[in-house]
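No experiment lies behind these values; they were computed from the predicted model shown.
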Amino acid sequence: MLALPFGFSSGEALFLAAALFGAAVIRGLSGFGFSAIFVLFAALVTNPLRLIPVVFSCEILMTIFQAKGIGPYIAWRRAITMLIGAGLATVPAIYIMARLDDTMARLVISGLILCLCALLFSGWQIKRPVGDGGHVLAGMVSGTANSAGVGGLPIAGFMAAQPIPPAMFRATMIVFLTGIDMMALPVMAMNGLVGPDLGVGILFALPIIGTGVWVGSLNFERIPQNRFRQGIIVLMTLLALANIARLAL
């Protein structure tokens, strides 16, 4: 029997497993929100920075479960230019985040997600077509946010502000999130955020995530995507506020 990773108690492990499953279902349904929701739940009981490499590794592996059928819907030019921008920001952002103490890291992560949720809630719309430069800039913002495990939120807001069909939104998000996580993992390792518990964490997490993504993917076409995304933003806002209030008391 494998020992629980990261020194978690059985209660903490069960709480995080439930959060992981719920976040994976949401990923299967919408293509975004997985990392942010799980990181926010994790921040209620631990410093989530040490779990982000596990989340990223599983998110990369999740692409296997979601890759079937998404090829025709991927906006490759958008994805590639955004990944170029993310690559420019990844190294300095992770370097800074890795040097924050436990409390500050949790406050920064929760505060950042709260700000991003406010942007998503604002109903911001882009009136003109976005060129390559705009996509590179959006990618840089995402690469910065990905140091906190929430690189998908800025891109979700950026793409939601444009007239992009739901299937293309989901497929492009899957490709982009996989790419920024593959960039981030080696940089996190260089900054001491990847430890010996990573492999055990993946072994515990992957079956939970795979099941959750499968359940969510089965119901993708049945869920009104705009309304569902709004519900995800409300959930993230409440979790971010709960974390900030908990740390402030």
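Sorted by first then second residue, the ring-ring contact (aromatic ring centres under 6.0 Å, His included) pairs that include residues 130-156, not counting sequence neighbours, are H135-F158. Sequence neighbours left out, the pairs with a member in residues 83-102 that pass salt bridge (Lys or Arg N to Asp or Glu O under 4.0 Å) are D102-R106.
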Under the criterion side chain to side chain contact (heavy atoms under 4.5 Å, CB included), I'd like the reasoning laid out for V25 against V213: C-alpha separation, chi angles, the key distance, then a yes or no. CA-CA 5 Å; V25 171; V213 170; over 6 Å; no
For R170 and S217, run side chain to side chain contact (heavy atoms under 4.5 Å, CB included): C-alpha distance rounded to whole Å, both residues' side-chain angles, the deciding distance at 0.1 Å, then the answer. CA-CA 11 Å; R170 177 175 175 266; S217 296; 3.5 Å; yes
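Note that CZ of F41 and CG of L20 are 11.5 Å apart. Values are rounded to the nearest 0.5 Å. To the nearest 0.5 Å, atoms CG (N146) and CE (M97) are separated by 10.0 Å. Going from atom CD1 of I109 over to atom CG of L40 covers 8.5 Å, rounded to the nearest 0.5 Å. In this structure, the separation between CG on L193 and CG on L51 is 11.0 Å, given to the nearest 0.5 Å. With values rounded to the nearest 0.5 angstrom, I209 atom CD1 is found 13.5 Å from F204 atom CZ. Interatomic distance, T237 OG1 to L116 CG, rounded to the nearest 0.5 Å: 10.0 Å.
Atom CZ of F15 has more than 12 neighbouring heavy atoms from other residues, nucleotides or ligands inside a 6.0 Å radius. For M182, the CE atom sits in a loose shell: 12 or fewer heavy atoms of surrounding residues, nucleotides or ligands are nearer than 6.0 Å. The number of heavy atoms from other shown groups lying within 6.0 Å of OH (Y95) does not exceed 12.
With hydrogens and angles disregarded, no donor-acceptor distance shorter than 3.5 Å links the side chain of T81 to the backbone of D132. Remark: side-chain polar atoms of N243 are paired, donor with acceptor, to backbone N or O of L239 under 3.5 angstrom. Using modelled atom types, one side-chain atom of T144 and one backbone atom of M140 make a donor-acceptor pair closer than 3.5 Å. Judged purely by atom type and a 3.5 angstrom limit, T172 uses its side chain to pair as donor or acceptor with the backbone of M168. N191 places a side-chain N or O within 3.5 Å of a backbone atom of V187 that can act as its donor or acceptor partner. Although no hydrogens or angles enter the test, the distance criterion places no donor-acceptor pair under 3.5 Å between the side chain of S142 and the main chain of A138.
The shortest heavy-atom contact between V130 and G134 is CG1-CA, 3.8 Å. Nearest heavy-atom pair, N47 versus A105, reported as atom, atom and distance to 0.1 Å: OD1-CB, 4.1 Å. Closest of all the heavy-atom pairs between G143 and A93 is O-CB, 4.1 Å. Pairing each heavy atom of G216 with each of L29, the nearest pair is O-CD2, 3.2 Å. Closest non-hydrogen pair, V55 versus S35, comes out as CG1-OG, 3.4 Å. Annotation for T90 and A184: closest pair CG2-CA, 4.0 Å, computed over non-hydrogen atoms.
I233 and I244 end up in different hydrophobic clusters when Ile, Leu, Val, Met, Phe, Trp and Tyr side chains are linked at under 4.5 Å. Criterion: ILVMFWY side-chain heavy atoms under 4.5 Å apart, direct or through other members. Under it, L114 and L153 are not part of a common hydrophobic cluster. Transitive grouping of hydrophobic side chains (ILVMFWY, heavy atoms separated by less than 4.5 Å) brings L198 and F6 into a common cluster. Both F56 and M190 belong to a single network of hydrophobic side chains, linked directly or stepwise wherever heavy atoms of I, L, V, M, F, W or Y lie under 4.5 Å apart. Tracing side-chain contacts under 4.5 Å through hydrophobic residues (I, L, V, M, F, W, Y), one reaches L206 starting from I26; they form part of the same cluster.
Using a 4.5 Å cut-off on side-chain heavy atoms (C-beta onward), P5 and R50 make no contact. With contacts defined as side-chain heavy-atom distances shorter than 4.5 Å, the pair P53/V194 qualifies. Side-chain contact between V45 and F8 is absent, with no heavy-atom pair separated by less than 4.5 Å. L83 places a side-chain heavy atom less than 4.5 Å from the side chain of M183. Annotation: side chain of I52 is in contact with side chain of V39 (closest heavy-atom distance under 4.5 Å). Counting heavy atoms from C-beta outward, V136 and M82 have side chains that stay 4.5 Å or more apart. Looking at L185 and D181, their side chains never come closer than 4.5 Å, going by heavy atoms from C-beta outward.
Under the side-chain contact (heavy atoms from CB on, under 4.5 Å) rule, M173 has a single partner from T178, I70, I155, which is I155.
Residues R128 and Q162 have side chains that never bring a donor and an acceptor to within less than 3.5 angstrom of each other.
The side chain to side chain donor-acceptor pair (under 3.5 Å) check on S57 picks up nothing, with sequence neighbours excluded.
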